[in-house]
Protein chains: 2
Amino acid sequence: MFSYGYVMARTAGSHSDITGPRVAQAALQLFARHGYAAVSMRQIAAEVGVQAGALYNYTPDKQSLLFDLMRGHMDELLAARAALLQPDGPLARLEDFTRFHIRFHLERPDAVFVSYMELRNLTPANFAVIEGLRRRYEDDLEAILRAGVGAGLFDVTDTKIATLAVIAMLTGVTTWYRAEGRLSVAQVETIYWDMVRKAVAA
Amino acid sequence: MFSYGYVMARTAGSHSDITGPRVAQAALQLFARHGYAAVSMRQIAAEVGVQAGALYNYTPDKQSLLFDLMRGHMDELLAARAALLQPDGPLARLEDFTRFHIRFHLERPDAVFVSYMELRNLTPANFAVIEGLRRRYEDDLEAILRAGVGAGLFDVTDTKIATLAVIAMLTGVTTWYRAEGRLSVAQVETIYWDMVRKAVAA
DNA sequence: CCCATAACTGAACATCCGTTCAGATCAAAG
DNA sequence: CTTTGATCTGAACGGATGTTCAGTTATGGG
């Protein structure tokens, strides 16, 4: 957590780069399972195999633990999206967005769950940050829809509402999908893309 | 809460039929705003204007307070749906379902929020009950979709997935709709119906 | 006006909470 | 092998938690 730019000049007795990620992962899993408010620092510590006081080598407080998880998730989402080169044309772009959204979210169910359910447990300042990142992601989709409407390919009454409707529909996949189930991620992508395509079609 | 069938033979000093609903309403509002685990019995009591101990005249414990709110919400949902006479034909039925779902959910945002977010804070037995009620509601929509597919009016790959996708999309309306906003509920219904109709169209 | 009783108070119970910190422990650098 | 400092323990802090209950207050029926 406290890296010093260059290669960190590690000194004696240090393995915080092992424990640090374990703290974050334990917190994520427990927050997703039981909710932020219902999980105690002692439970997180027990999961890591450490006493509660030791957690404070890795986070200033419990709120930062939640916020860092959510900001990390949103950063990953935006970075992964930005890393892809977008296909040409609104229709191909929309399919790309649909498949990306489903794939990304199905790969990290815990982070998705926490990021959608624990917004109200953020301080107002932290909430504003997460809300801004989420807004940037939504704007990405809305731009696609607007371009499609402009080109006469799509027909939606209100691009902002359509954006939120599509994202709600796609994110809903995380509530029922199980990796052991009968459908592969690719099949699920195709099923949802079929519905999205028709829903906004002209 | 403890009614005796007939007209309750109320005796001296009783006004629990005033305080009782106030407890439920305060709990609902606070649970929706801050989450079940983050709200204390003392906060609920303060909202009602009473000491914490008095709440136990109206609920055996905090868990029952949550469960009764959620069961009440689901019962209302199923009862309201059952009270409507269904139009003829899958298309009209689907429109009816869409408009009903949006209207019903926009009328009780707190109950919707609690019922979707606090499932993990139910005991396993209570969870099973709520899950069963939700399943009955979903089956209602799935029957409509299946009938439409059978009649060649709809084209969906998997009626179960389409059911969950449509419900997720529709319920998402509660996250952004504000009564003071520019759109009436009827307008929102029409916008979503447009998308639902096309999404499942043959 | 009295009185049975519903409704509520206020204090107490054991237990948990997030956070702090002095001191023990540990691993690597010299 | 010693030193150095990162890491962790274990106890403590004030305060909050859900729940219980003996005792007080308020209300309407007789």
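A quick note: this is a predicted structure, and the numbers were derived from the prediction, not measured. First the proteins, then the strands, lettered A, B, ... as listed; each starts at 1.
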Degree of bending in the helix from C/dC1-D/dG30 to C/dG30-D/dC1 once both end axes are built from five pairs, to 10°: 10°

- request: Determine, step by step, whether A/Arg146 and A/Glu142 satisfy the salt bridge (charged side-chain N to carboxylate O under 4.0 Å, His left out) criterion, reporting the C-alpha distance in whole Å, the side-chain angles of both residues, the deciding distance to 0.1 Å, and the verdict.
  value: CA-CA 6 Å; A/Arg146 237 198 304 258; A/Glu142 194 182 358; 3.4 Å; yes

- prompt: More 5' along DNA chain C: B/Gly49 or A/Tyr36, using each one's nearest nucleotide?
  reply: B/Gly49

- prompt: Given atom CG of B/Leu55 and atom C1' of C/dT9, what is their separation to the nearest angstrom?
  reply: 12 Å

Spacing between A/Leu65 atom CG and C/dC17 atom C1', to the nearest angstrom: 15 Å

- line: Here the residues of residues 39-48 of chain B within 4.0 Å heavy-atom distance, strictly under, of DNA chain D are B/Val39, B/Ser40, B/Met41, B/Arg42, B/Gln43

- request: State whether B/Thr19 places a side-chain N or O below 4.0 Å from either non-bridging phosphate oxygen (OP1 or OP2) of C/dC8.
  value: yes

- prompt: With sequence neighbours left out, what residues match B/Phe154 under ring pair (Phe, Tyr, Trp, His ring centres under 6.0 Å)?
  reply: none

- prompt: Would the B/Tyr36 and B/Phe67 ring centres measure less than 6.0 Å apart?
  reply: no

query: Are A/Tyr58 and D/dT7 close enough that a side-chain N or O sits under 4.0 Å from OP1 or OP2?
result: no

Polar side-chain atom of A/Thr174 near backbone of A/Thr171 as donor-acceptor pair, under 3.5 Å: yes

- prompt: So among A/Leu153, A/Asp158, A/Val200, which one has a side chain to side chain contact (heavy atoms under 4.5 Å, CB included) with A/Leu145?
  reply: A/Val200

- prompt: Going through the distances and angles, do B/Tyr58 and B/Asp68 end up as a side-chain contact (heavy atoms from CB on, under 4.5 Å)?
  reply: CA-CA 11 Å; B/Tyr58 305 100; B/Asp68 289 344; over 6 Å; no

field: B/Phe104 ring center within less than 6.0 Å of B/Phe97 ring center
entry: no

field: Nearest listed nucleotide, side chain of B/Gln51, among D/dC8, C/dA7, C/dG10
entry: C/dG10

query: The side chain of A/Asn57 lies closest to which of these nucleotides: C/dT19, D/dC8, C/dC8?
result: D/dC8

Rounded distance (Å) that lies between atom C1' of C/dC17 and atom CG of A/Asp61: 14 Å

field: Nearest-Å distance for atom pair OH/P, residues A/Tyr56 and C/dA22
entry: 17 Å

- request: Measure from the side-chain heavy atoms of A/Ala54 and tell me the nearest of D/dT19, C/dC8, D/dC8.
  value: D/dC8

field: Distance-only donor-acceptor check, side chains B/Tyr177 and B/His105, under 3.5 Å
entry: no

field: Aromatic contact, B/His73 with B/Tyr116 (centres under 6.0 Å)
entry: no

